[in-house]
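Just below is one structure, and these are the notes that go with it.
In the text below, chain A, chain B and the rest are named by the order of the sequence lines, each starting its count at 1.
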2 protein chains.
Amino acid sequence: MVSMKDIAKKCGVSVATVSKALNGYSDIGKEKREEIKRCAEEMGYFPNSSARALKTNRTWNLGILITDNLHSGLTHSYFAAILDAIKVTAERRGYDITFTSMSPVGGRKMSYYEHCRYRGLDGVVIANIDFTSPDIIELVKSPLPIVTIDYVFDGRTAIVSNNQKGMRELTEYVFSMGHRQIAYIHGDDNTVTKERLASFYRTAEAYGVTVPDKWVLPSRYRDVGMTERRTRELLSQDSLPTCIFFPDDFSAVGGMNAIRSAGLRIPEDISVCGYDGIPIAFAMYPRLTTLRQDTATVGKIAAEKLISLIENPKIALIEKISVDGELVKGDTVRRMQPS
Amino acid sequence: MVSMKDIAKKCGVSVATVSKALNGYSDIGKEKREEIKRCAEEMGYFPNSSARALKTNRTWNLGILITDNLHSGLTHSYFAAILDAIKVTAERRGYDITFTSMSPVGGRKMSYYEHCRYRGLDGVVIANIDFTSPDIIELVKSPLPIVTIDYVFDGRTAIVSNNQKGMRELTEYVFSMGHRQIAYIHGDDNTVTKERLASFYRTAEAYGVTVPDKWVLPSRYRDVGMTERRTRELLSQDSLPTCIFFPDDFSAVGGMNAIRSAGLRIPEDISVCGYDGIPIAFAMYPRLTTLRQDTATVGKIAAEKLISLIENPKIALIEKISVDGELVKGDTVRRMQPS
DNA sequence: ACAGGTCTTGAAAACGTTTTCGTAACTATA
DNA sequence: TATAGTTACGAAAACGTTTTCAAGACCTGT
């Protein structure tokens, strides 16, 4: 491995001079700088990030905390898409991405925060995780630059998909299509769900519609089986809604199966909506009516805000940023005839 | 940040002693070792990975190269699942995962290999990438421990999903259901596709069936639109197959749309198969007949082999490991009546 | 010719570890 | 008691950088 020392020797200068020439300091003569740069290139020199980090306390490395209890959030297409955007943006700014776990190193378990210190990460993005766990709290309370996704901590920058507006748009669309009997099979009990539910109720109220409790059933995100069962329960009631909202696009597939095996057609007999806008929603037939969350923007902003928190700790603002989604009308909500 | 120096001062010993006590060297007295360990714990000491890496040339960090030309492979559920398994396995063994890109650092573009050197990665997993690009070739020819996924390089360990066997099983199943007219709309022209195609032809031949060229059409993996168009073309021919193979489960959705909008039912009028076994395949109705690739095992073995390559460079074998998938019968292939 | 200024450069310390080698103090053996 | 062997510890160098500070070289204007 060729180091600055080798370049210094070859060029007949000191290591300090090489360092400064390569890092663009102004106090190195033009010809000398050129020569050193050429030398470095020729010899295939590359800096050693460990040595640099040791000296500067900057690793140009961002941590990602995206593991949920079951699995890593990678198989969750919403978070995978966000991670993708974070990665692209970070790389463009010269940062790498490292996963942050609680794995044991050298025999001793490390907390998330300890792990981040160990690796010297410049900052961390936290997403799709149990935000109430003590380990996360410790990390959030630490002095590390941090950005959270879809969850807000006091005094920390957060990027959230605008569930309130999204749900409102989706609900308004359904109302505008003439529906008045709407059921909502919703996801796990967390802040995202609370926001969507609240927005759902508020919008219905604005239309003067009261949603009966029996039409609001709990399921879980991405749980096809449970959503299918809940849908079956719903369909066994004596009065049926004309439209059903599902927790997300994926679980909606389960719900739609339940509907079809009950002999009902979508959307002729019953309309449905998903949430997320995952690729399959655009591909399926009929195209699913849903609200596409703007994962690309969420990820991009998360990375940008984190980096500005790192690079301008004085100036950077602590913000809560809402990213709007986009209504995808699709074909699973039919227009009701005015009765 | 508390360092070994602080512990040494507090315990009245030298830094060397602290280092050895913490790393379990045998030449430190039992009581002293205990005291030092206790001290370290109390003071909240954690090692500095940069300093350690600088000295030992080991980072306990694995690189992942999974970016394809369009986007990062993260949104590709097959690779996301593999990455997930790699991550879990690596973490269990004390390694972290860092993405390896070609981003510019310090103004200069780096090749993949340069990037790996820069970060001091102990090894790299390469997947879902253009294996013919010069940058990849450079990396593969480098002295770095490397494992490739679904592509074989000479003298390098590779983990491949057993496409040959998988396609054979799928084809045999379809034949066993009485089908003799089978079409194959296949994916991009790469080694995976070649293997599947070859296996498809070979199996058909074993059943004494010749597949007409007009029934073997090129599409692209995960391309719903193109697969839908190709399917339409296929359906416009005057003689129709009784079963269609699609590039993968995702694009199969497009194909199925084409079939249905031609007024044909699945599987009553025409049978279909996907490939991959992504979650949606199990959720859709009717359940898709497909071949589930064992992503968990592929990822796990990839990580394990890479780590043994790193830790036992002398002993570790260069291998080509085939991971079998599993036939998922589903409900999209109907049993043909013997005519 | 000299003071003061501007450009260039290098010596050296520091970052936090690991590891080699030396040595002092014991312990066992003859 | 002298010798050899063992055990426990520390001094110091090294890894590859960055950065401060001093200083030499070269001007400029008086």
Nearest whole Å is fine: how far is [N] [atom2] from [X] [atom1]?
| X | N | atom1 | atom2 | value |
| --- | --- | --- | --- | --- |
| B:Asp6 | C:dT17 | CG | C1' | 13 Å |
| A:Met4 | D:dT18 | CE | C1' | 8 Å |
| B:Asn48 | C:dG16 | CG | P | 7 Å |
| A:Met43 | D:dG16 | CE | P | 13 Å |
| A:Asn57 | D:dT18 | CG | C1' | 12 Å |
| B:Arg33 | D:dG10 | CZ | P | 14 Å |
| A:Asn23 | C:dT8 | CG | P | 18 Å |
| B:Ile28 | D:dC9 | CD1 | P | 6 Å |

Legend entry - Salt bridge present between B:Arg38 and B:Glu34 (N-O < 4.0 angstrom):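 No.
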Legend entry - Salt-bridge contact A:Glu311-A:Arg93 (side-chain N to carboxylate O under 4.0 Å):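 Yes, this pair counts.
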Inset, instruction - Kindly say whether the aromatic ring centers of B:Tyr118 and A:Phe46 come within a distance under 6.0 Å. - result: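 Centroid separation for B:Tyr118 and A:Phe46: 6.0 Å or greater.
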Check: [Y] and [X] side chains under 4.5 Å, non-hydrogen atoms:
| X | Y | answer |
| --- | --- | --- |
| B:Tyr112 | B:Glu138 | no |
| B:Leu62 | B:Ile307 | yes |
| B:Thr148 | B:Thr157 | no |

By the 4.0 Å heavy-atom rule, please label [X] as base, sugar-phosphate, or nothing.
| X | result |
| --- | --- |
| A:Lys20 | base |
| A:Thr56 | sugar-phosphate |
| B:Asp27 | base |
| B:Ser19 | base |

Inset, instruction - Return no unless some side-chain N or O of A:Tyr118 is found under 4.0 Å from OP1 or OP2 of C:dG16. - result: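 Indeed not, no polar side-chain atom of A:Tyr118 lies that close.
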Legend entry - Phosphate OP1/OP2 of D:dT18 contacted by A:Arg52 side-chain N/O (<4.0 Å):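 The answer is yes; a side-chain N or O of A:Arg52 sits under 4.0 Å from OP1 or OP2.
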Inset, instruction - Starting from the first five and the last five pairs of the helix from C:dA1-D:dT30 to C:dA30-D:dT1, work out the angle between the resulting helix axes, to 10 degrees. - result: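 It comes to 50° between the two terminal axes.
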Legend entry - Side chain B:Arg156, main chain B:Val140, donor-acceptor under 3.5 Å: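 Indeed, once roles are kept as given, a pair shorter than 3.5 Å links the two residues.
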Inset, instruction - Give a yes or no on whether B:Asp154 atom CG has more than 12 heavy-atom contacts from other residues, nucleotides or ligands under 6.0 Å away. - result: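 No, because the 6.0 Å sphere around CG of B:Asp154 holds 12 heavy atoms or fewer from other groups.
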Inset, instruction - Let me know, please, whether A:Thr17 or B:Ala51 comes out on the 5' side of the other along DNA chain C by nearest nucleotide. - result: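 First, find each residue's nearest nucleotide; the 5'-ward one identifies A:Thr17.
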Legend entry - 5' priority, DNA chain D, between A:Tyr25 and B:Val18 [closest heavy atom]: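 Final value for this comparison: B:Val18.
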Inset, instruction - Side chain of A:Leu54 only, please: which of C:dG16, D:dA12, C:dG10 is the nearest? - result: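 Looking only at heavy atoms from C-beta outward on A:Leu54, the closest nucleotide is C:dG16.
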Legend entry - B:Val15, nearest nucleotide to its side chain (from C:dG10, C:dT17, C:dT19):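 The answer is C:dT17, which lies nearest to the side chain.
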Inset, instruction - Mark yes or no for a side-chain to base donor-acceptor pair under 3.5 Å between A:Lys55 and C:dG16, with no hydrogen or angle criteria applied. - result: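 A donor-acceptor contact between them is absent.
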